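Note that the structure is predicted; figures quoted are calculated from it, not measured.
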Amino acid sequence: MSLLLAACGGNGNTKGTPAGSTGEAGTGAGATPAAEPVKLEFWTIALQPTFNDYFNELITKYEGSHPGVNVEWKDYPYDAISQRLLTSTASGKSPDVVNLNTEFASQLGSKGALLNLNEYLTDDQAKSYFDGIYNSTVLDGKAYALPWYTGTEVLFMNKKLVEKAGLDPASPPQTRDELVEWARQVHEKTGAAGYAQQLVSKLFPIDGIPILNEDKTAAAFNTPEAEAMIAQMRDLMKEGVVLKEDADFSKQIQYFSGEQVAFQLSGPTFINFIKTSAPDVYKNTIAVPLPTGKANLRLSNSMNLVVPQKSKNPEQAVEFAAFITNSENQTAFSKVANTLPSSRASIEDPFFTDSDGSLEAEAKVASSQSLDKATDYMVGVPSAGDINSALARGLQEILMNDADIKETLNKVEKEVNNIISQGS
């Protein structure tokens with residue numbers, strides 16, 4: 001990071017709206033030919049060779065409508081791209097458009113390493129994306145990324161257990177409180193638990209409890225609301241409504257496959273595992289939109305496109321990033337990659353609204369319906385991994401080892417503040 005920050009000064013280019021960018025993001029209509037040949041270096045994460053045909057065709061189409069612009073596409077493993085970006089930028093050889101997750105995009109944007117895209121995009125372009133996902137990388141009014149493909153969790157239900165409990169799967173729970181009541185009735189009527197979950201930091205923002213204060217300088221989770229949320233979870237575990245375990249994804253698959261729980265809160269990739277491990281349970285499973293907590297939001301896991309501050313061709317770079325993430329191209333990519341788009345117009349396509357009755361189609365439709373409330377939650381958080389770990393350990397101490405809630409929150413608050421101070 002220090003290498004990158006040393007190289008983050010202004011790039012000397014005049015900023016403005018990309019040529020031909022009126023209307024929806026990156027349509028390319030009316031694009032002005034480059035006065036001199038322009039080479040754009042485009043980096044992605046782990047998309048080759050699976051999607052070579054898609055991107056080669058996309059790049060050819062873009063170059064055809066933008067005379068004088070040549071795009072060079074490079075693809076790197078997930079664990080290598082951040083270091084490559086830091087090194088290349090520090091050496092003065094910055095790429096022009098880079099695929100990053102929200103957390104890293106926000107951290108770089110907060111340090112001045114990325115272009116403020118608000119200086120290039122029209123209001124219509126910015127509004128073409130779902131608000132919560134677009135705003136995930138808006139810090140201090142500056143937008144540091146264009147949302148690309150994303151994913152959200154849905155609620156999988158064992159239809160047999162739900163009906164045995166006297167519940168109607170056609171009228172599923174809409175809120176977390178309603179889900180708890182369903183889980184309690186399932187437990188009382190069938191003996192199965194409601195669901196298993198991993199004890200992680202996202203349990204706080206789901207209930208509207210911020211992890212850090214607004215300027216990300218101190219812990220903000222040590223509140224009466226947090227105490228109440230954790231106390232409720234402890235009581236549900238004692239009742240057997242929620243399994244008393246810190247259950248990772250593999251454990252959750254095991255419990256749902258064995259019909260030890262009736263519900264699973266997960267992304268659509270969950271389907272592949274139960275289809276293999278428990279085909280009878282798979283046939284009896286349905287998917288519906290995930291119930292929301294007190295914050296009335298759903299958490300997304302998004303990939304974005306950013307333009308480094310050191311790009312030598314910022315206007316063309318933003319134009320290309322907007323082209324990749326316009327509704328037409330996001331829709332096309334979602335169809336070949338089985339992802340969700342971040343473009344509002346994309347989910348009007350029948351691909352995201354029609355179901356053939358299969359679990360896969362139900363999950364896709366349910367995920368699409370969740371996007372209007374979707375947001376990332378650890379945006380711009382310094383030392384996010386360490387902070388997440390501290391919160392997880394605190395939850396484990398309380399819920400697994402019966403530690404005092406207030407004393408543990410006080411201890412974790414001090415630990416998180418220490419992490420932040422050491423990283424600043």
Side-chain angles (χ1 to χ4, degrees), residues 1-18 21 25-26 38-45 71 73-74 76 78 80-122 125-126 128-129 132-150 215-216 300-325 342 375-376 378-384 423-424:
M1 182 71 78
S2 61
L3 289 174
L4 178 61
L5 299 183
C8 283
N11 57 24
N13 291 294
T14 302
K15 297 177 180 178
T17 303
S21 64
V38 170
K39 179 180 177 181
L40 295 179
E41 196 166 310
F42 170 45
W43 290 10
T44 57
I45 300 174
V71 178
W73 176 33
K74 297 181 179 181
Y76 298 105
Y78 180 85
I81 196 164
S82 58
Q83 187 56 49
R84 283 184 177 272
L85 178 59
L86 301 179
T87 303
S88 65
T89 302
S91 66
K93 298 178 180 179
S94 172
D96 299 285
V97 179
V98 184
N99 170 200
L100 297 176
N101 65 19
T102 299
E103 180 184 326
F104 195 50
S106 297
Q107 289 181 355
L108 294 185
S110 68
K111 302 299 184 182
L114 305 176
L115 285 187
N116 171 16
L117 301 180
N118 280 343
E119 298 182 8
Y120 295 83
L121 302 175
T122 66
Q125 286 178 308
S128 69
Y129 308 98
I133 300 175
Y134 180 80
N135 290 330
S136 293
T137 55
V138 174
L139 303 172
D140 298 325
K142 300 176 181 179
Y144 291 114
L146 290 183
W148 194 9
Y149 60 96
T150 190
D215 59 4
K216 308 293 192 294
S300 62
N301 183 17
S302 301
M303 283 294 185
N304 308 272
L305 293 181
V306 304
V307 177
Q309 184 69 242
K310 281 292 184 177
S311 167
K312 295 180 174 60
N313 305 287
E315 293 188 17
Q316 290 88 350
V318 175
E319 175 80 12
F320 180 58
F323 173 78
I324 294 172
T325 59
S342 58
T375 184
D376 279 271
M378 287 297 282
V379 295
V381 174
S383 304
S424 62

Student: Hey, are the side chains of Tyr144 and Ser136 touching, using non-hydrogen atoms and a 4.5 Å cut-off?
Tutor: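 Not in contact.
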Student: Pair Leu85, Leu100 - check side-chain contact (heavy atoms from CB on, under 4.5 Å), show working.
Tutor: CA-CA 10 Å; Leu85 178 59; Leu100 297 176; 4.1 Å; yes
Student: If only atom types and distance count, is the side chain of Ser342 paired as donor or acceptor with the main-chain N or O of Trp148 below 3.5 Å?
Tutor: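 Looks like yes, one N/O pair under 3.5 Å.
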Student: Any side-chain to backbone donor/acceptor pair from Ser311 onto Asn313? Under 3.5 Å, distance only.
Tutor: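 Yes, Ser311 side chain to Asn313 backbone: donor-acceptor pair under 3.5 Å.
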Student: What distance separates Tyr149 OH from Asn301 CG, expressed to the nearest 0.5 Å?
Tutor: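 Reported value, rounded in 0.5 Å steps: 9.5 Å.
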Student: Say whether, by atom type as modelled, one donor and one acceptor occur between the side chain of Thr87 and the main chain of Arg84 under 3.5 angstrom.
Tutor: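 Looks like no, no N/O pair under 3.5 Å.
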Student: If you compare all heavy atoms of Ala321 against all heavy atoms of Leu305, which two are closest, and at what distance to 0.1 Å?
Tutor: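 Distance-wise, the nearest heavy atoms are O-CD1, 3.9 Å.
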Student: For a quick test of reading the model, state the closest non-hydrogen atom pair linking Val38 to Gln316 and the distance between them.
Tutor: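 Nearest heavy atoms, Val38 then Gln316: CG2-NE2, 3.9 Å.
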Student: Are more than 12 heavy atoms from other residues, nucleotides or ligands located less than 6.0 Å from atom CG of Asn101?
Tutor: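 Yes, the 6.0 Å shell around CG holds more than 12 heavy atoms from other groups.
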Student: Lys74: what forms a salt bridge (Lys or Arg N to Asp or Glu O under 4.0 Å) with it, not counting sequence neighbours?
Tutor: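 Result, salt bridge (Lys or Arg N to Asp or Glu O under 4.0 Å) vs Lys74: Glu41.
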Student: So which heavy atom on Leu115 is nearest to which on Pro314, and how close?
Tutor: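 Shortest heavy-atom separation between Leu115 and Pro314 comes out as CD1-CB, 3.5 Å.
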Student: Kindly indicate whether the side chain of Val307, heavy atoms from C-beta on, has any atom under 4.5 Å from the side chain of Leu114.
Tutor: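 Val307 vs Leu114: side chains apart.
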Student: Considering all heavy atoms of both residues, which atom of Ile45 and which atom of Met303 are nearest to each other, and what is their separation?
Tutor: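 Distance-wise, the nearest heavy atoms are CD1-CE, 4.1 Å.
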Student: Closest approach of Gln125 and Ala322, non-hydrogen atoms and distance?
Tutor: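 Where Gln125 meets Ala322 most closely, the heavy atoms are NE2-CB, 4.3 Å.
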Student: Report the residues that fulfil side chain to side chain contact (heavy atoms under 4.5 Å, CB included) with Ser94, sequence neighbours left out, ordered by chain and then residue number.
Tutor: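 Scan of Ser94 (side chain to side chain contact (heavy atoms under 4.5 Å, CB included), adjacent residues dropped) gives Thr89, Pro308, Lys310.
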Student: I'd like to check the side chain to side chain contact (heavy atoms under 4.5 Å, CB included) partners of Asp215; sequence neighbours left out, ordered by chain and number.
Tutor: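 Applying side chain to side chain contact (heavy atoms under 4.5 Å, CB included) to Asp215 gives Asn213, Thr217.
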Student: Could you check whether any side-chain heavy atom of Phe42 comes within less than 4.5 Å of a side-chain heavy atom of Asp96, counting everything from C-beta outward?
Tutor: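 Side chain of Phe42 against side chain of Asp96, heavy atoms only: no contact under 4.5 Å found.
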Student: Considering only residues two or more places apart or on different chains, which pairs with a residue in residues 80-100 satisfy ring-ring contact (aromatic ring centres under 6.0 Å, His included)?
Tutor: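 Every pair satisfying ring-ring contact (aromatic ring centres under 6.0 Å, His included) with a residue in residues 80-100: there are none.
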Student: To the nearest 0.5 Å, what is the distance between NZ (Lys312) and NZ (Lys93)?
Tutor: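 Going from NZ on Lys312 over to NZ on Lys93, the span is 9.5 Å.
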Student: Not counting sequence neighbours, which residues clear side chain to side chain contact (heavy atoms under 4.5 Å, CB included) with Asn118? List them please.
Tutor: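 Testing Asn118 for side chain to side chain contact (heavy atoms under 4.5 Å, CB included), a comparison that skips the adjacent residues, returns Asn116, Tyr134, Ala143.
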Student: Could you list the residues that satisfy side-chain hydrogen bond (donor to acceptor under 3.5 Å, both in side chains) with Thr44, not counting sequence neighbours?
Tutor: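 With sequence neighbours excluded, Thr44 shows a side-chain hydrogen bond (donor to acceptor under 3.5 Å, both in side chains) to Trp73, Asp75, given in chain and number order.
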Student: Can you name the residues that form a side chain to side chain contact (heavy atoms under 4.5 Å, CB included) with Ala145, not counting sequence neighbours?
Tutor: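 Ala105, Thr137, Asn304, Val306.
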Student: Determine, stepwise, if the pair Tyr129 / Thr325 fulfils side-chain contact (heavy atoms from CB on, under 4.5 Å).
Tutor: CA-CA 9 Å; Tyr129 308 98; Thr325 59; 2.8 Å; yes
Student: Ignoring hydrogens, what is the shortest heavy-atom contact between Thr375 and Gly132? Give both atom names and the distance.
Tutor: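 Closest approach of Thr375 to Gly132: OG1-O, 3.4 Å.
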Student: Please enumerate all residues that pass side-chain hydrogen bond (donor to acceptor under 3.5 Å, both in side chains) together with Asn99, with sequence neighbours excluded.
Tutor: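 So Asn99 forms no side-chain hydrogen bond (donor to acceptor under 3.5 Å, both in side chains) with any residue.
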Student: Identify, with sequence neighbours excluded, every residue that meets salt bridge (Lys or Arg N to Asp or Glu O under 4.0 Å) alongside Lys142.
Tutor: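 Counting only residues at least two positions away or on another chain, Lys142 forms no salt bridge (Lys or Arg N to Asp or Glu O under 4.0 Å).
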